[in-house]
Every structure is written in structure tokens, then in C-alpha cells.
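For the numbers below, each heavy atom of this structure counts, side chains included, while hydrogens, waters and symmetry mates do not.
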Amino acid sequence: QLQLVESGGGLVQPGGSLRLSCTASDLTLDHYNIAWFRQAPGKEREGVSCISSIDGSTYYADSVKGRFTISRDNAKNTVYLQMNSLKPEDTSVYYCARPTFTLQPMCLMTYKEYDHWGQGTQVTVAS
């Protein structure tokens with residue numbers, strides 16, 4: 001069974017909002033930095049956001065900073081990505097990922113650092 005599942009994607013108009021969820025089953029997210037990546041057709045996979053397991057500190061790509069907010073609910077074993085003021089260039093498949101190592105001092109936003117991935121959820125921003 002798939003251990004990481006993303007949900008909440010859809011089609012929205014520019015300026016709209018979506019909240020993505022990443023829920024783990026039979027796989028703990030506690031003590032791991034959890035990241036969101038995205039990949040558009042013909043483009044490389046890029047890091048979007050990450051939340052620390054140690055102090056809750058966050059990372060955001062420059063392209064989404066001020067518009068996206070990452071959070072986590074350890075009781076639900078879930079990480080969220082609130083996306084506001086969406087732009088057409090945000091159109092991508094969004095993935096959540098767990099890194100190989102726990103208790104990392106900071107987020108590493110390269111895909112090779114992550115060994116657990118969800119199936120992705122499509123986000124389309126168009127008028």
C-alpha cells in the first residue's frame with residue numbers, strides 16, 4: 001500500500017486558494033523534516049516548502065514565499081500546504097516526501113535526500 005498520500009489538488013482560478021494534505025499510513029512523520037515538491041510537464045522537480053521536525057522552522061522557495069504556508073499535525077500524522085494567491089505558474093503535480101534521515105538540523109531541498117514519496121496531486125491554476 002502507498003504510505004504517503006497527497007490530496008486537495010484541483011482546478012482554481014488565478015488568485016484562488018487550495019490546501020494540500022499529506023497523510024502517512026504505517027509510516028511515521030514524527031522526527032522527520034517533511035517537504036513539498038512540484039513538477040510541471042517538461043520541467044525538473046523543484047522543492048517548494050519544508051517544515052522542520054525539531055523546532056517547526058520552515059523553508060519556502062522564493063517563488064512561493066509569502067503565498068504558501070506549511071504546517072503539520074503530528075496527532076493526525078499529516079502535513080499541510082496552504083496555497084493562497086495562486087498563479088498560473090503554480091500549475092504542477094505536487095508531491096510530499098520524507099527524507100532518509102531523522103532529526104536533521106535543517107531541510108535539504110534536493111530530491112535525492114528523500115526516499116518516501118506520495119503519488120502526487122494535480123494543481124491547475126487557470127482562468
Side-chain angles (χ1 to χ4, degrees):
Q1 63 177 342
L2 195 63
Q3 293 180 293
L4 290 176
V5 178
E6 303 94 338
S7 62
L11 193 157
V12 296
Q13 294 184 348
S17 298
L18 288 172
R19 189 179 76 158
L20 306 184
S21 298
C22 172
T23 300
S25 60
D26 299 321
L27 180 72
T28 183
L29 301 183
D30 291 347
H31 312 300
Y32 289 89
N33 300 337
I34 305 300
W36 286 94
F37 289 78
R38 66 185 182 186
Q39 187 167 24
K43 300 292 183 66
E44 295 183 349
R45 186 166 298 187
E46 63 173 342
V48 175
S49 185
C50 181
I51 185 165
S52 171
S53 65
I54 298 176
D55 60 3
S57 62
T58 57
Y59 161 86
Y60 299 96
D62 289 341
S63 59
V64 307
K65 192 172 185 178
R67 300 186 296 119
F68 291 11
T69 303
I70 190 170
S71 62
R72 67 194 304 163
D73 185 340
N74 288 333
K76 296 182 178 180
N77 210 22
T78 299
V79 174
Y80 304 97
L81 185 67
Q82 178 67 46
M83 306 186 296
N84 298 326
S85 302
L86 284 163
K87 304 176 180 180
E89 52 262 43
D90 295 319
T91 296
S92 287
V93 177
Y94 284 72
Y95 303 88
C96 67
R98 196 190 80 170
T100 302
F101 300 105
T102 187
L103 299 176
Q104 295 174 320
M106 65 182 69
C107 288
L108 300 174
M109 298 305 293
T110 58
Y111 72 89
K112 284 186 171 293
E113 300 292 336
Y114 297 83
D115 62 351
H116 287 84
W117 295 82
Q119 84 291 340
T121 185
Q122 176 71 48
V123 172
T124 302
V125 185
S127 59

Name of the residue among L86, L11, V125, V123 meeting side chain to side chain contact (heavy atoms under 4.5 Å, CB included) with T91: V125

Kindly write out the residues that satisfy side-chain hydrogen bond (donor to acceptor under 3.5 Å, both in side chains) with T124, not counting sequence neighbours, or none if the list is empty. Q122

State which residues pass side-chain hydrogen bond (donor to acceptor under 3.5 Å, both in side chains) with D73; sequence neighbours excluded, sorted by chain then number. none

Identify, with sequence neighbours excluded, every residue that meets ring pair (Phe, Tyr, Trp, His ring centres under 6.0 Å) alongside Y32. none

Cluster link Y94 to I51, ILVMFWY, side chain under 4.5 Å: yes

For P99 against N33, the heavy-atom pair lying closest together: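 P99 and N33 have their closest heavy atoms at CD-O, 2.7 Å.
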
Exam field: side chain Q3 to backbone D26, donor-acceptor pair closer than 3.5 Å: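 Side chain of Q3 to backbone of D26, a donor-acceptor pair under 3.5 Å: yes, one is there.
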
Which heavy atom in L20 sits nearest to a heavy atom in G9, and how many Å separate them? CD2-N, 3.6 Å

Which atom of R67 lies closest to which atom of S85, heavy atoms considered: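 So the two residues come closest at NH1-O, 3.0 Å.
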
What one should report as the nearest heavy-atom pair of T28 and R98 is O-NH1, 2.9 Å

Quick check on the hydrophobic clustering: are L18 and V48 connected, directly or via other members, by side-chain heavy-atom contacts under 4.5 Å?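 Per the 4.5 Å side-chain linkage, L18 and V48 are co-clustered.
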
How long is the gap from CG on N77 to CG on D30, to the nearest 0.5 Å? 6.0 Å

Do T121 and S7 get their side chains close enough for a donor-acceptor pair, meaning under 3.5 Å? no

State, with a plain yes or no, whether a side-chain heavy atom of W36 is found less than 4.5 Å away from one of V79. yes

To the nearest 0.5 Å, what is the distance between CZ (R72) and OG (S52)?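 It comes to 7.5 Å.
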
Close side-chain approach of D90 to M83, heavy-atom, < 4.5 Å: no

Could you pull out all donor-acceptor pairs under 3.5 Å where a side-chain atom in residues 57-66 meets a protein atom, sequence neighbours excluded?
unit_1	atom_1	unit_2	atom_2	d
S57	OG	D55	OD1	2.9
Y60	OH	I70	N	2.8
S63	OG	R38	NH2	3.4

Listing request: all ring pair (Phe, Tyr, Trp, His ring centres under 6.0 Å) pairs with a residue in residues 98-119, at least two apart in sequence or in separate chains.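 Qualifying pairs, neighbours excluded: F37-Y114, F37-W117.
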
Just so I know, are the side chains of E6 and Q119 near enough to count as touching, which here means a heavy-atom distance under 4.5 Å? yes

Correct closest heavy-atom pair for S49 and M109 would be O-CE, 3.6 Å

Straight-line distance of Q104 CD to E113 CD, nearest 0.5 Å: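 Result: 6.5 Å between the selected atoms.
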
Are side-chain heavy atoms of L4 and C22 found at a separation under 4.5 Å? yes

List in chain and number order the residues that pass side-chain hydrogen bond (donor to acceptor under 3.5 Å, both in side chains) with S21, two or more places apart in sequence or in another chain; answer none if no residue qualifies.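 Testing S21 for side-chain hydrogen bond (donor to acceptor under 3.5 Å, both in side chains), a comparison that skips the adjacent residues, returns none.
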
